[in-house]
Structures are given as C-alpha cells and as structure tokens.
Amino acid sequence: VPPELLDRISGKKGRGGGIFTGLRWRLAVAASVALIAIAGYVLMMDKGGSPLIGQMVSDHIQFIPSPDVQISSSDPAEIKAWFRGKVDFAVNVPRLTATLRGGRLCYLDGKRLALVFYRQDDVQISLFVTDSRDVYKARTGRGVTVKGKTMRRVADRGYNMLLWREDGLTYALVSEMKFEEMEKLL
C-alpha cells in the first residue's frame, strides 16, 4: 500500500484529513448539536418552561431602582379600580404584609398584565397578575403549600418567584428575598 494512501486513511497527511478523521468530526458535530439542544431544553425548563417567567423577572429587575408606577396608592381597592378596563380580567390585589406602593400596566409576551408593587424594608417586590394559565401550567419549580395555597417556587438569575392560581387568576410574586421570607408576606 502506498504510504500516501495510508497517511490519508489514518488522517496524518493529505487534503482530505482522512476517512476516519472525517467520520469522527461528523460524529463530534452531531454530538455537540445534541448536547446544545439538551442543554437548551434543560435551561428552558429551569426558567419555567415558559418565556413569560423570564420576562417577568427581567421586568422586575428593570424597575428595582425606581418603580415606574402609573397608579400610586396603598389602597388595594383603588388599584383594582384603576386596572378596570385596562386588562381583560378583574384584578384582585392581595393584601400582603409588605407595603403596597402602586401599580402599572405591563405588556409581556404580547399580553397585558397587571403589575403591583410592594416594598418590604428596602426590598422591591413585584406581583404580576394575569388570567393566563400558561405561566402556571409550565412544569417547573418545586411545589409547596403555603397557608392552604398550592404554589410553585421558581428561581431565575438570582431572583425568586412564587406562582399560584386563585379565582381564575395567576399570580407571580418576584423578589430577591428568600422563598421563606416571601411566603411570610402572604
């Protein structure tokens, strides 16, 4: 067998890089693509399997320094009335042990949501309210029961989110607080 042919088959020299080298390269590319797809799927599930969860956390982060309130009030009834006609559902503003500061209309994932701001000491807390079940149906987080309510704990980029459904609405409470501290607010 000519030495050039042996070198080409083994991949040592030549323009083609060798038959086995080409096969190994294709297998490596296929394995890399599969690994990237699996990692993407795992990361998507870690973020809640719903792009809305990541968008809620991003929106919360954006307004940490200074919440851009459109209604400034500590009265849940006043905030509920302000949202009337601005979203397609009747907003319920839960009474938390944190200080209610106001709210604003929020557009995420092509949907109008109510965003209510609270504050506990120096910590900003965002409560997203929507009639969409999509964000709650996403299989993510750890299930917990808090004061008789079934909730999910979701962590994203160092922020924590409590998700729950009540009276046809989905609530997403977002903060940098620990889950246990957030649960005490309810």
Side-chain angles (χ1 to χ4, degrees), residues 44-64 67-121 123-186:
M44 180 71 162
M45 288 299 109
D46 186 47
K47 288 189 176 182
S50 169
L52 197 54
I53 287 177
Q55 290 174 20
M56 287 176 175
V57 171
S58 293
D59 199 76
H60 170 76
I61 293 168
Q62 176 183 350
F63 291 104
I64 287 176
D68 183 19
V69 297
Q70 294 170 321
I71 171 80
S72 181
S73 177
S74 60
D75 180 8
E78 187 177 346
I79 293 174
K80 179 179 179 173
W82 184 85
F83 278 113
R84 194 172 297 121
K86 293 177 177 65
V87 292
D88 297 331
F89 52 92
V91 174
N92 182 33
V93 179
R95 290 190 185 271
L96 304 181
T97 59
T99 304
L100 180 59
R101 307 219 30 237
R104 74 175 180 88
L105 191 58
C106 182
Y107 293 94
L108 296 178
D109 202 28
K111 298 174 182 144
R112 284 186 286 178
L113 289 77
L115 175 51
V116 181
F117 295 109
Y118 296 86
R119 194 152 200 74
Q120 178 74 16
D121 299 321
V123 179
Q124 175 74 25
I125 303 162
S126 298
L127 177 70
F128 295 87
V129 184
T130 180
D131 62 346
S132 172
R133 296 180 65 92
D134 294 347
V135 72
Y136 187 76
K137 286 189 330 185
R139 295 180 183 213
T140 186
R142 190 176 127 232
V144 294
T145 302
V146 179
K147 298 184 181 176
K149 296 178 187 177
T150 301
M151 300 186 169
R152 291 205 181 125
R153 291 177 167 184
V154 179
D156 183 30
R157 290 173 276 167
Y159 293 87
N160 293 322
M161 177 184 291
L162 288 177
L163 285 170
W164 74 94
R165 292 268 310 155
E166 188 175 332
D167 298 328
L169 298 177
T170 299
Y171 296 87
L173 192 65
V174 182
S175 177
E176 63 191 41
M177 298 171 78
K178 294 179 182 178
F179 286 115
E180 296 78 12
E181 294 170 345
M182 293 172 67
E183 291 165 2
K184 289 178 185 176
L185 299 174
L186 302 172

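These numbers were taken from a predicted model, which means no experiment stands behind them. Numbers here simply count residues along the sequence, with the first being 1.
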Before you tell me yes or no, could you show the steps for E78 and I71 under side-chain contact (heavy atoms from CB on, under 4.5 Å), namely the whole-Å CA-CA distance, both residues' side-chain angles and the distance that decides it to 0.1 Å?
CA-CA 9 Å; E78 187 177 346; I71 171 80; 3.9 Å; yes
Walk me through it: do D131 and V87 pass the test side-chain contact (heavy atoms from CB on, under 4.5 Å)?
CA-CA 9 Å; D131 62 346; V87 292; over 6 Å; no
Run W164 and T150 through side-chain contact (heavy atoms from CB on, under 4.5 Å) and show every step you take.
CA-CA 6 Å; W164 74 94; T150 301; over 6 Å; no
Side-chain donor/acceptor of K86 to backbone N/O of W82, under 3.5 Å:
yes
Can you name the nearest heavy-atom pair linking A114 to F89, along with the distance?
N-CZ, 4.2 Å
Hey, does S74 have a side-chain heavy atom less than 4.5 Å from the side chain of R101?
no
Heavy-atom closest pair (Q120 atom, L185 atom, distance to 0.1 Å) is OE1-CD2, 3.7 Å
Rounded to the nearest 0.5 Å, what separation is found between the CG atom of L162 and the NZ atom of K149?
10.5 Å
Of the non-hydrogen atoms in N92 and V129, which two are nearest, and what is the gap between them?
O-CG2, 4.3 Å
To the closest 0.5 Å, what do you measure between CZ (F179) and NZ (K184)?
15.0 Å
Just so I know, are the side chains of S126 and L115 near enough to count as touching, which here means a heavy-atom distance under 4.5 Å?
yes
Nearest 0.5 Å, please: how far is CE in M182 from CD in E176?
10.5 Å
Step by step, would you call V123 with S175 a side-chain contact (heavy atoms from CB on, under 4.5 Å)?
CA-CA 8 Å; V123 179; S175 177; 3.4 Å; yes
Between F117 and Q124 the two heavy atoms that sit nearest each other are CD2-NE2, 2.8 Å
My understanding is that only one of L100, V174, V116, L173 makes a side-chain contact (heavy atoms from CB on, under 4.5 Å) with I125; could you say which?
L173
Over 12 foreign heavy atoms within 6.0 Å of NZ, K178:
no
Heavy-atom side-chain contact between L105 and R112 under 4.5 Å:
yes
Salt-bridge present (R153, E183; N to O < 4.0 Å)
yes
What are the two closest heavy atoms between L169 and Y171, and how far apart are they?
CD1-OH, 3.5 Å
Establish, from distance only, whether the side-chain atoms of T170 and R165 form a donor-acceptor pair under 3.5 Å.
yes
Could you check whether any side-chain heavy atom of L186 comes within less than 4.5 Å of a side-chain heavy atom of L96, counting everything from C-beta outward?
yes
Could you measure the distance from the CG atom of L127 to the OH atom of Y118? Nearest 0.5 Å is fine.
5.5 Å
Do any N or O atoms from the side chain of N160 and from the backbone of M177 form a donor-acceptor pair under 3.5 angstrom?
yes
